[in-house]
Visitor: 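Got a structure here, written out as structure tokens. Questions coming.
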Amino acid sequence: MADDLELRFERTVQAEARIEPRDWMPDGYRKTLIRQIAQHAHSEIIGMQPEGNWISRAPSLRRKAILLAKVQDEAGHGLYLYSATETLGADREDLTTKLIEGRQKYSSIFNYPTLTFADVGVIGWLVDGAAICNQVPLCRTSYGPYARAMIRICKEESFHQRQGYELLMTMMRGTQQQRDMVQDSVNRWWWPALMMFGPPDAESTNTEQSMAWRIKRDTNDELRQKFVNMSVPQAEALGVTFPDPELKWNEERGQYDFGSPDWDEFWQVVKGGGVCNEQRVAHRRKAHEDGAWVREAAAAHAAKHAPSKEGAA
Amino acid sequence: MSTTWPLWEVFVRGKRGLNHVHVGSLHAPDAEMALRNARDVYTRRNEGVSIWVVPATEITASSPDEKDPFFAPSGDKVYRHPTFYAIPEDVPHL
């Protein structure tokens with residue numbers, strides 16, 4: 001019987017059809033998905049912080065309105081994804097607890113600080129750009145609710161990337177000081193952006209099974225290469241350079257060669273040693289705890305106004 | 001007292017003339033807040049002209065695992081489809 005179920009699951013996945021919430025699925029598939037989608041949701045929620053820092057200091061009302069809309073989108077993306085994890089039986093409260101207790105991870109990119117307003121532009125261009133590279137293939141991931149959430153998210157990310165690039169173009173047309181600020185920001189974010197695709201394929205423990213289940217559609221290295229190929233002409237158009245002496249076009253491969261990120265730094269940040277790890281989680285914990293009275297009051301209000309059970313009988 | 005708000009399923013009518021379509025779920029303390037949250041989460045870019053929210057516990061669903069027997073009654077009734085009937089090519093408007 002279990003074999004029948006497994007066979008049907010395998011066949012559905014092989015046929016590029018989607019697995020839906022009430023379908024039978026292997027425990028490992030369910031666990032992997034909950035882990036991956038929760039981590040993705042946490043990244044969107046924590047991802048509000050680095051840019052949120054600049055909302056009150058945006059240089060114009062236009063930039064402030066754009067940044068507010070973008071940060072609100074990140075909250076929305078987190079909610080679409082939490083909603084997808086709940087279709088797998090995860091509990092929202094439990095996921096939040098795991099995040100603020102440091103038992104579940106989020107993307108390490110958000111543990112880097114945003115030092116100048118140029119970082120808002122570079123995050124939109126490179127960080128959201130890398131996220132788009134990662135996420136577009138996930139619109140075809142085998143689990144239906146995840147794929148549908150990714151389709152909504154990808155549509156909205158396009159605004160994020162373009163507003164960032166436009167912000168940088170504006171700064172590049174400004175003073176020399178502003179141009180230097182953009183280049184400095186690019187220098188700081190380039191390598192962390194490349195690390196967003198995860199460790200090299202040879203060291204990536206989850207890739208093989210996730211590819212077989214079609215949760216993941218491309219390997220880390222394939223996506224990283226694609227991102228580099230896309231970003232170089234964008235940097236040229238903007239008038240900035242990437243801090244990689246090995247970066248050059250390889251005629252034979254038809255792709256750019258590039259250097260290797262500092263993987264020691266990557267693992268150090270993953271393990272909690274980044275500049276902002278503690279601050280990000282502490283801030284999330286404070287927001288959750290400070291909001292407790294609102295959740296309680298709203299629940300009490302709803303209970304008071306709910307039609308009485310006896311009356312309905 | 002448990003402060004975990006109940007789960008609501010959200011359905012959005014994209015524009016006049018279309019059905020409401022399921023778009024996802026959210027947590028809210030009551031129906032009114034569920035509607036407001038649904039507006040903020042699922043229609044930030046004019047994706048809808050009308051929203052339904054339904055407590056997730058109130059939905060009764062057929063199970064995909066019962067798919068074959070459950071939908072079998074319609075499986076063998078090919079005569080319900082217009083293509084079942086052979087009509088000569090030269091008969092117009094049919």
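Just so it is clear: chains get the letters A, B, ... in the order the sequence lines come, proteins before strands, and each one is counted from 1.
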Visitor: Look at atom CZ of B:R44 and say whether more than 12 heavy atoms of other residues, nucleotides or ligands are closer to it than 6.0 Å.
Guide: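 Enclosed: over 12 neighbouring heavy atoms sit under 6.0 Å from CZ of B:R44.
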Visitor: Are there more than 12 heavy atoms of other residues, nucleotides or ligands under 6.0 Å from atom CD of A:Q14?
Guide: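 Yes, because the 6.0 Å sphere around CD of A:Q14 holds more than 12 heavy atoms from other groups.
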Visitor: Is the count of non-hydrogen atoms from other residues, nucleotides or ligands lying under 6.0 Å from B:R16 atom CZ greater than 12?
Guide: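 It does not: B:R16 CZ has 12 such atoms or fewer within range.
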Visitor: Can you say whether A:H301 sits under 4.5 Å from chain B via the side chain, the backbone, both, or neither, judging by heavy atoms?
Guide: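 The side chain, not the backbone.
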Visitor: Looking at A:R22 and B:A61, would you say the former's side chain and the latter's main chain have a donor-acceptor pair under 3.5 Å?
Guide: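 Between the backbone of B:A61 and the side chain of A:R22 there is a qualifying donor-acceptor contact (under 3.5 Å).
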Visitor: Charged N to carboxylate O under 4.0 angstrom, B:D30 versus A:K304?
Guide: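 No.
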Visitor: How long is the span from the CZ atom in A:R92 to the NE2 atom in B:H27, to the nearest 0.5 Å?
Guide: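 Reported to 0.5 Å precision, the distance equals 4.0 Å.
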Visitor: Could you go through the side-chain contact (heavy atoms from CB on, under 4.5 Å) check for B:V23 and A:R152 one step at a time?
Guide: CA-CA 10 Å; B:V23 293; A:R152 293 183 71 90; 4.2 Å; yes
Visitor: Heavy atoms only, distances under 4.5 angstrom: which of A:K155, A:R148, A:E86 has the most pairs with chain B? Name it, please.
Guide: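 Winner by heavy-atom pair count: A:E86.
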Visitor: Measure the CG-CG distance between A:L79 and B:N37 for me, rounded to the nearest 0.5 Å.
Guide: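 CG of B:N37 is found 8.5 Å from CG of A:L79.
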Visitor: Within the side chain of A:S83, is there an N or O that forms a donor-acceptor pair under 3.5 Å with the backbone of B:G24?
Guide: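 Checking the backbone N and O of B:G24 against the side chain of A:S83, no donor-acceptor pair under 3.5 Å is found.
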Visitor: Which atoms of A:F9 come close to chain B, meaning under 4.5 Å heavy atom to heavy atom: side chain ones, backbone ones, both, or neither?
Guide: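 Contact with chain B is absent: no heavy atom of A:F9 under 4.5 Å.
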Visitor: In this structure, are over 12 heavy atoms from other groups packed under 6.0 Å from A:H288 atom NE2?
Guide: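 Counting other residues, nucleotides and ligands, NE2 of A:H288 exceeds 12 neighbours.
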Visitor: For atom CG of B:D76, decide whether the heavy atoms of other residues, nucleotides or ligands shown that lie under 6.0 angstrom number more than 12.
Guide: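 More than 12 within 6.0 Å, yes.
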Visitor: Sequence neighbours excluded, which residues qualify as side-chain contact (heavy atoms from CB on, under 4.5 Å) partners of B:H20?
Guide: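 In terms of side-chain contact (heavy atoms from CB on, under 4.5 Å), with neighbours along the sequence ignored, B:H20 is linked to B:F11, B:R13, B:S50, B:W52.
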Visitor: State whether the number of non-hydrogen atoms from other residues, nucleotides or ligands found under 6.0 Å of A:R162 atom CZ is greater than 12.
Guide: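 No.
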Visitor: So which part of B:E47 gets closer than 4.5 Å to some heavy atom of chain A, the side chain, the backbone, both or neither?
Guide: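 Answer is side chain: those atoms of B:E47 sit under 4.5 Å from chain A.
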Visitor: Taking atom CG of B:N46 as the centre, does the number of heavy atoms from other residues, nucleotides or ligands within less than 6.0 Å exceed 12?
Guide: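 Open.
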Visitor: Could you tell me whether the side chain of A:Y80 and the main chain of B:V41 form a donor-acceptor pair under 3.5 Å?
Guide: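 Yes.
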